[in-house]
Amino acid sequence: MKEALDAGYAVLEKSGTATDAVTAAIKILEDSPLFNAGKGSVYNNEGQIEMDASIMEGKEMKAGAVAGVRRIKNPIEAAKLVMQQTPHVLLIGEGAEKLWTSKGYELTDTSYFYDERRFRQWKENRKNKTPEKHGTVGAVALDKYGNLAAGTSTGGMMDKMPGRVGDSPIIGAGTYACNQTCAVSCTGHGEYFIRYAAAHSVHCKMLYQNKELKDAVNEVLFKDLLPAGGTGGIIGIDKQGKCGNGFQHNRHVSRI
Ligand code: ASP
(Lines give C-alpha, C1' and ligand atoms only; values in the text may rest on other atoms or scores of the structure.)
Protein backbone atom coordinates (compact mmCIF):
# COMPACT_ATOMS: atom_id res chain seq x y z
CA MET A 1 0.00 0.00 0.00
CA LYS A 2 2.80 2.37 0.93
CA GLU A 3 4.61 1.62 -2.29
CA ALA A 4 1.47 2.47 -4.26
CA LEU A 5 0.92 5.66 -2.32
CA ASP A 6 4.53 6.72 -2.84
CA ALA A 7 4.34 5.98 -6.58
CA GLY A 8 1.23 8.13 -6.95
CA TYR A 9 2.64 10.88 -4.79
CA ALA A 10 5.90 10.93 -6.76
CA VAL A 11 3.95 11.70 -9.93
CA LEU A 12 2.16 14.60 -8.24
CA GLU A 13 5.40 15.96 -6.77
CA LYS A 14 6.90 16.09 -10.25
CA SER A 15 3.90 18.17 -11.41
CA GLY A 16 2.26 15.17 -13.03
CA THR A 17 -1.48 14.85 -13.49
CA ALA A 18 -3.98 13.28 -11.13
CA THR A 19 -4.74 10.75 -13.89
CA ASP A 20 -1.12 9.64 -14.06
CA ALA A 21 -0.82 9.54 -10.28
CA VAL A 22 -3.89 7.32 -9.99
CA THR A 23 -2.59 5.05 -12.74
CA ALA A 24 0.87 4.74 -11.15
CA ALA A 25 -0.60 3.83 -7.76
CA ILE A 26 -3.05 1.30 -9.18
CA LYS A 27 -0.39 -0.39 -11.32
CA ILE A 28 1.64 -1.23 -8.22
CA LEU A 29 -1.43 -2.80 -6.61
CA GLU A 30 -2.28 -4.69 -9.80
CA ASP A 31 1.23 -6.14 -9.88
CA SER A 32 0.96 -7.44 -6.32
CA PRO A 33 -0.63 -10.85 -5.72
CA LEU A 34 -2.05 -9.52 -2.44
CA PHE A 35 -4.91 -7.58 -4.00
CA ASN A 36 -7.87 -8.66 -6.08
CA ALA A 37 -6.75 -6.94 -9.29
CA GLY A 38 -4.23 -7.75 -12.02
CA LYS A 39 -1.86 -10.45 -10.75
CA GLY A 40 -3.96 -11.21 -7.64
CA SER A 41 -7.32 -11.43 -9.41
CA VAL A 42 -9.85 -13.93 -8.08
CA TYR A 43 -11.26 -16.77 -10.20
CA ASN A 44 -14.71 -17.03 -11.70
CA ASN A 45 -16.78 -20.21 -11.39
CA GLU A 46 -14.87 -21.77 -14.27
CA GLY A 47 -11.50 -21.09 -12.66
CA GLN A 48 -10.69 -18.23 -15.06
CA ILE A 49 -9.89 -14.62 -14.36
CA GLU A 50 -11.80 -11.74 -15.92
CA MET A 51 -10.66 -8.28 -14.93
CA ASP A 52 -12.44 -4.93 -14.95
CA ALA A 53 -11.01 -1.41 -14.57
CA SER A 54 -11.96 2.21 -15.08
CA ILE A 55 -10.58 5.70 -14.79
CA MET A 56 -12.21 9.11 -14.82
CA GLU A 57 -10.90 12.65 -14.76
CA GLY A 58 -12.87 15.47 -13.22
CA LYS A 59 -11.85 18.35 -15.47
CA GLU A 60 -13.79 17.41 -18.57
CA MET A 61 -15.45 14.34 -17.08
CA LYS A 62 -13.61 12.08 -19.48
CA ALA A 63 -13.68 8.38 -18.69
CA GLY A 64 -12.39 5.05 -19.95
CA ALA A 65 -13.00 1.47 -18.88
CA VAL A 66 -12.44 -2.17 -19.78
CA ALA A 67 -14.39 -5.20 -18.67
CA GLY A 68 -13.78 -8.93 -18.83
CA VAL A 69 -10.17 -8.70 -20.01
CA ARG A 70 -8.03 -11.78 -19.47
CA ARG A 71 -4.64 -11.02 -20.95
CA ILE A 72 -3.82 -7.44 -20.03
CA LYS A 73 -1.28 -7.19 -17.21
CA ASN A 74 -2.42 -3.75 -16.09
CA PRO A 75 -6.09 -3.22 -16.93
CA ILE A 76 -5.94 0.33 -15.55
CA GLU A 77 -3.56 1.23 -18.41
CA ALA A 78 -6.07 -0.19 -20.87
CA ALA A 79 -8.85 1.87 -19.29
CA LYS A 80 -6.68 4.97 -19.68
CA LEU A 81 -6.07 4.05 -23.30
CA VAL A 82 -9.81 3.82 -23.94
CA MET A 83 -10.26 7.25 -22.36
CA GLN A 84 -7.38 8.93 -24.15
CA GLN A 85 -7.33 7.24 -27.54
CA THR A 86 -10.84 6.18 -28.46
CA PRO A 87 -14.20 7.93 -28.77
CA HIS A 88 -15.66 5.31 -26.40
CA VAL A 89 -15.94 4.84 -22.65
CA LEU A 90 -16.14 1.08 -22.13
CA LEU A 91 -14.64 -1.77 -24.16
CA ILE A 92 -15.12 -5.41 -23.24
CA GLY A 93 -13.10 -8.64 -23.60
CA GLU A 94 -11.65 -9.24 -27.02
CA GLY A 95 -12.35 -5.73 -28.27
CA ALA A 96 -10.42 -4.24 -25.37
CA GLU A 97 -7.53 -6.65 -25.96
CA LYS A 98 -7.57 -5.79 -29.65
CA LEU A 99 -7.25 -2.10 -28.85
CA TRP A 100 -4.35 -2.96 -26.53
CA THR A 101 -2.39 -4.82 -29.21
CA SER A 102 -3.30 -2.30 -31.92
CA LYS A 103 -1.41 0.31 -29.90
CA GLY A 104 1.69 -1.88 -29.81
CA TYR A 105 1.25 -3.37 -26.33
CA GLU A 106 1.68 -7.08 -25.70
CA LEU A 107 -0.85 -9.45 -24.29
CA THR A 108 0.20 -11.35 -21.18
CA ASP A 109 -0.17 -15.11 -21.05
CA THR A 110 -2.98 -16.14 -18.71
CA SER A 111 -0.49 -18.29 -16.74
CA TYR A 112 0.97 -15.04 -15.33
CA PHE A 113 -2.23 -14.54 -13.35
CA TYR A 114 -2.08 -17.96 -11.71
CA ASP A 115 -1.50 -17.61 -8.00
CA GLU A 116 -1.33 -20.60 -5.66
CA ARG A 117 -2.91 -18.77 -2.73
CA ARG A 118 -5.80 -17.51 -4.86
CA PHE A 119 -6.35 -20.96 -6.30
CA ARG A 120 -6.56 -22.51 -2.84
CA GLN A 121 -8.92 -19.74 -1.72
CA TRP A 122 -11.14 -20.44 -4.72
CA LYS A 123 -11.20 -24.18 -4.06
CA GLU A 124 -11.96 -23.55 -0.39
CA ASN A 125 -14.71 -21.09 -1.31
CA ARG A 126 -16.33 -23.66 -3.57
CA LYS A 127 -16.42 -26.21 -0.75
CA ASN A 128 -17.79 -24.03 2.03
CA LYS A 129 -18.59 -20.49 1.06
CA THR A 130 -16.04 -18.38 2.94
CA PRO A 131 -17.04 -14.81 3.82
CA GLU A 132 -17.03 -12.55 0.85
CA LYS A 133 -13.81 -10.53 0.47
CA HIS A 134 -13.40 -7.07 -0.99
CA GLY A 135 -9.98 -6.76 -2.52
CA THR A 136 -10.56 -4.41 -5.41
CA VAL A 137 -8.00 -1.61 -5.68
CA GLY A 138 -8.65 2.06 -6.21
CA ALA A 139 -6.93 5.41 -6.07
CA VAL A 140 -8.07 9.03 -6.07
CA ALA A 141 -5.94 12.14 -6.53
CA LEU A 142 -5.96 15.91 -6.77
CA ASP A 143 -3.11 17.48 -8.73
CA LYS A 144 -1.54 20.94 -8.56
CA TYR A 145 -3.70 22.08 -11.47
CA GLY A 146 -6.80 21.52 -9.37
CA ASN A 147 -7.87 18.45 -11.33
CA LEU A 148 -9.32 15.36 -9.72
CA ALA A 149 -9.11 11.77 -10.96
CA ALA A 150 -10.31 8.39 -9.74
CA GLY A 151 -9.45 4.87 -10.85
CA THR A 152 -10.54 1.36 -9.90
CA SER A 153 -9.29 -2.09 -10.89
CA THR A 154 -10.54 -5.54 -9.93
CA GLY A 155 -10.77 -9.24 -10.60
CA GLY A 156 -14.42 -8.93 -9.51
CA MET A 157 -16.25 -11.25 -7.14
CA MET A 158 -14.83 -14.72 -6.51
CA ASP A 159 -16.77 -17.52 -8.23
CA LYS A 160 -18.73 -15.06 -10.36
CA MET A 161 -20.44 -16.26 -13.52
CA PRO A 162 -18.32 -15.93 -16.65
CA GLY A 163 -19.15 -12.63 -18.32
CA ARG A 164 -20.33 -11.03 -15.09
CA VAL A 165 -19.34 -7.37 -14.90
CA GLY A 166 -19.28 -5.57 -11.56
CA ASP A 167 -19.37 -1.93 -10.60
CA SER A 168 -15.65 -1.24 -11.00
CA PRO A 169 -15.71 -0.48 -14.76
CA ILE A 170 -19.10 1.21 -14.61
CA ILE A 171 -18.72 4.97 -14.48
CA GLY A 172 -21.03 6.31 -11.79
CA ALA A 173 -21.15 2.98 -9.97
CA GLY A 174 -17.57 2.07 -8.99
CA THR A 175 -15.73 5.19 -10.13
CA TYR A 176 -16.56 8.87 -10.54
CA ALA A 177 -14.72 12.19 -10.72
CA CYS A 178 -15.91 15.74 -11.21
CA ASN A 179 -13.82 18.82 -10.46
CA GLN A 180 -16.87 20.53 -8.94
CA THR A 181 -17.11 17.94 -6.19
CA CYS A 182 -14.91 14.89 -5.70
CA ALA A 183 -13.17 11.80 -7.05
CA VAL A 184 -14.32 8.47 -5.63
CA SER A 185 -13.51 4.80 -6.06
CA CYS A 186 -15.56 1.96 -4.61
CA THR A 187 -15.10 -1.62 -3.51
CA GLY A 188 -17.70 -4.08 -2.39
CA HIS A 189 -20.61 -6.11 -3.66
CA GLY A 190 -20.73 -4.63 -7.15
CA GLU A 191 -24.34 -5.41 -7.96
CA TYR A 192 -25.47 -3.04 -5.19
CA PHE A 193 -23.05 -0.33 -6.21
CA ILE A 194 -24.45 -0.50 -9.74
CA ARG A 195 -28.08 -0.47 -8.64
CA TYR A 196 -27.56 2.48 -6.33
CA ALA A 197 -25.16 4.30 -8.71
CA ALA A 198 -22.99 4.63 -5.62
CA ALA A 199 -20.07 6.71 -6.92
CA HIS A 200 -22.31 9.16 -8.77
CA SER A 201 -24.57 9.38 -5.77
CA VAL A 202 -21.68 10.67 -3.62
CA HIS A 203 -21.09 13.37 -6.23
CA CYS A 204 -24.81 14.28 -6.33
CA LYS A 205 -25.08 14.62 -2.57
CA MET A 206 -22.18 17.07 -2.65
CA LEU A 207 -23.36 19.01 -5.69
CA TYR A 208 -27.06 19.31 -4.95
CA GLN A 209 -27.16 19.05 -1.18
CA ASN A 210 -23.85 20.73 -0.37
CA LYS A 211 -22.80 17.76 1.70
CA GLU A 212 -19.22 17.24 2.83
CA LEU A 213 -17.49 14.32 1.09
CA LYS A 214 -17.28 12.18 4.23
CA ASP A 215 -20.99 12.68 4.96
CA ALA A 216 -21.93 11.90 1.37
CA VAL A 217 -19.79 8.72 1.45
CA ASN A 218 -21.28 7.56 4.74
CA GLU A 219 -24.84 8.24 3.57
CA VAL A 220 -24.36 6.14 0.47
CA LEU A 221 -22.75 3.31 2.44
CA PHE A 222 -25.01 3.30 5.45
CA LYS A 223 -28.35 4.72 4.29
CA ASP A 224 -28.52 3.34 0.77
CA LEU A 225 -26.37 0.24 0.52
CA LEU A 226 -26.39 -1.26 4.01
CA PRO A 227 -30.20 -1.53 4.41
CA ALA A 228 -30.36 -3.13 0.98
CA GLY A 229 -27.73 -5.70 2.01
CA GLY A 230 -24.80 -4.25 0.06
CA THR A 231 -21.42 -4.25 1.78
CA GLY A 232 -18.29 -2.40 0.75
CA GLY A 233 -16.26 0.75 1.01
CA ILE A 234 -15.55 4.03 -0.74
CA ILE A 235 -12.41 6.16 -0.87
CA GLY A 236 -12.65 9.76 -1.98
CA ILE A 237 -10.97 13.13 -2.19
CA ASP A 238 -12.71 16.47 -2.65
CA LYS A 239 -11.68 19.52 -4.66
CA GLN A 240 -9.86 20.99 -1.65
CA GLY A 241 -7.88 17.81 -1.13
CA LYS A 242 -9.86 16.62 1.88
CA CYS A 243 -10.25 12.86 2.04
CA GLY A 244 -13.44 11.06 2.97
CA ASN A 245 -13.41 7.30 3.24
CA GLY A 246 -15.86 4.80 4.63
CA PHE A 247 -16.07 1.04 4.88
CA GLN A 248 -18.71 -1.34 6.14
CA HIS A 249 -18.52 -5.10 6.15
CA ASN A 250 -21.34 -6.80 8.03
CA ARG A 251 -20.35 -6.59 11.69
CA HIS A 252 -17.24 -4.57 10.99
CA VAL A 253 -18.23 -0.96 10.43
CA SER A 254 -15.89 1.95 10.26
CA ARG A 255 -16.18 5.59 9.36
CA ILE A 256 -13.18 7.82 8.75
N1 ASP B 1 -16.64 -4.34 -6.54
C2 ASP B 1 -16.04 -5.49 -7.11
C3 ASP B 1 -17.03 -6.17 -8.01
O4 ASP B 1 -18.17 -6.30 -7.65
C5 ASP B 1 -15.54 -6.50 -6.13
C6 ASP B 1 -14.79 -5.98 -4.93
O7 ASP B 1 -14.74 -4.78 -4.68
O8 ASP B 1 -14.22 -6.78 -4.21
O9 ASP B 1 -16.64 -6.63 -9.06
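As the structure lists them, so they are numbered: ligands from 1, and atoms in each ligand from 1. Just so you know, residue 1 is the first one in the sequence shown, and it goes up from there.
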Any N or O of Asp52 closer than 3.5 Å to N or O of ligand 1: no

Part of Met51 within contact of ligand 1 (heavy atoms, under 4.0 Å): neither

Within-cut-off N or O pair, His189 and ligand 1, under 3.5 Å: no

Mind checking the CD-NZ spacing from Glu13 to Lys144? Nearest 0.5 Å is all I need. 11.5 Å

Just distances here: any N/O of Thr154 and N/O of ligand 1 closer than 3.5 Å? no

Contact with ligand 1 for Gly174, non-hydrogen, under 4.0 angstrom: no

Need the ligand 1 atom indices (1-based, order shown) with element for anything under 4.0 Å from a heavy-atom of Gly190. 4 (O)

Options Glu191, Arg164, Lys160, ranked by nearest heavy atom to atom 4 (O) of ligand 1, top entry: Arg164

Any salt bridge linking Lys211 with Glu219? Criterion: basic side-chain nitrogen under 4.0 Å from a carboxylate oxygen. yes

Are any of the side-chain heavy atoms of Thr231 and Leu225 separated by less than 4.5 Å? no

Is the shortest side-chain N to carboxylate O distance from Asp238 to Lys214 below 4.0 Å? no

Short list, please: which atoms of ligand 1 are under 4.0 Å from a heavy atom of Thr187? 6 (C), 7 (O), 8 (O)

Residues Glu50, Arg70: salt bridge by 4.0 Å N-O rule: no

More than 12 foreign heavy atoms under 6.0 Å from NZ of Lys62: is that the case here? no

Ligand-residue contact atoms, ligand 1 with Gly166, heavy atoms, under 4.0 Å: 9 (O)

Please determine whether a side-chain nitrogen of the Lys or Arg among Lys27 and Asp31 lies less than 4.0 Å from a carboxylate oxygen of the Asp or Glu. no

